[in-house]
Amino acid sequence: AASGAATPWNPGANSWVNALVVSNGVVYAGGSFSIIGAQARSRLAALDLATGSVEDWNPGVNSPVYALAVSGDTLHVGGAFSTVGGQARNCVAAVDIVSGAVTTWNPTASSPVYTLSVAGSKIYVGGIFNGIGGFVRRRLAALDPATGIPTDWNPDASGLVYSLAVSGETVYAGGVFSQVGGQSREFLAALNISTGAPTEWAGSADNEVLALCVHEGVLYVGGGFAQIAGVDRNCIAALDPITGAATPWNPNADGSVYCLAASGSTIYAGGGFYNIDDQSRRCIAALNVADGTATEFNPDADNYVLALAVSGDVIYAGGNFTSVGGETRNRIAALNAATGDPRERGRRVY
């Protein structure tokens, strides 16, 4: 069955869950909530991967969290906040994943950070800021993981950046911009990882790009666009990461795609759509890598899915939904990757 009546992994949050990341048996969740798993947790929480119980880990953030990324023993956090763990931290911070203590890493962004990506020895940051770490950096920056000081990498985007993905020698950026590095790049750009200069790449879109995911040599893109790389693609597409040309992969969603995740032969998509690949799939779907067709996975969320994370054969989802698979799931859920069934509490199936 595409949905089941199993006892759920069900922490339950009282407001939006915008970001999820899994590390060492823990699901880290960020968003707008003040309560999760019946415990007071201000916008950032750690949940047991198997049971959903809330860990003692509790930094506390004073405004929404939009992005999370793990690097070693550190959780990097991006959002619209000004304090974390009672310490002044403007829109970007680092927290010890064991103790929950805020580290001294403190780049200080001038405006919200929407996306983070860890690659090599850098923390790549995107958002709506014009300055970070005491330097002028418009919407994109690469930060030293030890000091928080921006490197010379400075693509200079003309509008906000919602999503980042790093692969090999390239950083892909998506958002609502028209220029990067002084060159015309509509909503999507590929940037040299060393210089920050835009590459010769044909991947521009006609509307916002909200999600990026590189999997098995292909760049998957989600957003609100109707065209990308010069061809018709509704809200989701696959591009050649070198040329930017669209592949034949074309699931054709009828609403925006906000998040993407990949595992094996499957691309998972979350958003505000109702149909994808001409199949009824509300807000979450699984798509075959080979041809873009929708699998039988059909959790049927009743509202936006904004974050996805994969661990083994379990998919963790966050957003603004209150029901998944006909069961109450307040803004966070765990689903069997094969069936879409809500995750059974305490039973390790991965």
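Every heavy atom of this structure was used, including side-chain atoms; hydrogens, water molecules and symmetry mates were not.
- Relative ring orientation between H215 and Y220 is described as tilted, the plane-to-plane angle lying within the 30° to 60° band.
- Looking only at side-chain heavy atoms (C-beta outward), W57 and D96 stay at 4.5 Å or farther from each other.
- Counted by atom type alone, T293 and N288 present one or more donor-acceptor pairs between their side chains at under 3.5 Å.
- The CD atom of E186 lies 12.0 Å from the CD atom of Q227; values are rounded to the nearest 0.5 Å.
- D240 pairs by the salt bridge (charged side-chain N to carboxylate O under 4.0 Å, His left out) definition with nothing, not counting sequence neighbours.
- Among residue pairs with one or both ends in residues 180-214, those qualifying as ring-ring contact (aromatic ring centres under 6.0 Å, His included) are Y172-W201; sequence neighbours excluded.
- Checking N14 against S34 by side-chain atom types alone, a donor-acceptor pair falls below 3.5 Å.
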Yes or no on side chain to side chain contact (heavy atoms under 4.5 Å, CB included) for F273 and S256, after CA distance, side-chain angles and deciding distance?
-> CA-CA 6 Å; F273 50 83; S256 292; over 6 Å; no
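- For the side-chain hydrogen bond (donor to acceptor under 3.5 Å, both in side chains) test, no residue two or more places apart in sequence or in another chain qualifies with D277.
- Enclosure of atom CD in E169 is not indicated, since only 12 or fewer non-hydrogen atoms of other residues, nucleotides or ligands lie within 6.0 angstrom.
- In this structure, D48 contributes its side chain and A50 its backbone to a donor-acceptor pair below 3.5 Å.
- V180 and W153 fall within a single hydrophobic cluster, where Ile, Leu, Val, Met, Phe, Trp and Tyr side chains are chained together by heavy-atom contacts under 4.5 Å.
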Could you please spell out the steps behind the side chain to side chain contact (heavy atoms under 4.5 Å, CB included) verdict for W9 and V27?
-> CA-CA 12 Å; W9 184 94; V27 180; 4.2 Å; yes
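- Taking every heavy atom of both residues into account, E296 and R281 meet most closely at CA-NH2, 4.0 Å.
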Steps toward side chain to side chain contact (heavy atoms under 4.5 Å, CB included) verdict (I267, L260) = CA-CA 7 Å; I267 302 296; L260 295 166; 4.2 Å; yes
Worked check of side chain to side chain contact (heavy atoms under 4.5 Å, CB included) between L75 and L68 = CA-CA 7 Å; L75 178 70; L68 299 172; 4.1 Å; yes
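- Looking only at atom types and distance, the side chain of T322 has a donor-acceptor partner in the side chain of D302 under 3.5 Å away.
- Within the 4.5 Å cutoff, the side chain of I236 has no heavy atoms near those of the V221 side chain.
- Residue I315 is tested with V310, T266, L20 for a side chain to side chain contact (heavy atoms under 4.5 Å, CB included); the sole match is V310.
- Note: Y162 and Y114 have tilted aromatic rings, judged against thresholds of 30 and 60 degrees for the angle between ring planes.
- The closest donor-acceptor contact from the side chain of D206 to the backbone of A226 lies under 3.5 Å.
- Enclosure of atom CD in E216 by more than 12 non-hydrogen atoms of other residues, nucleotides or ligands within 6.0 angstrom is indicated.
- Within a 6.0 Å radius of CG in N62, other residues, nucleotides and ligands contribute more than 12 heavy atoms.
- Hydrophobic clustering (side-chain heavy atoms under 4.5 Å, transitive across Ile, Leu, Val, Met, Phe, Trp, Tyr) keeps V125 apart from L140.
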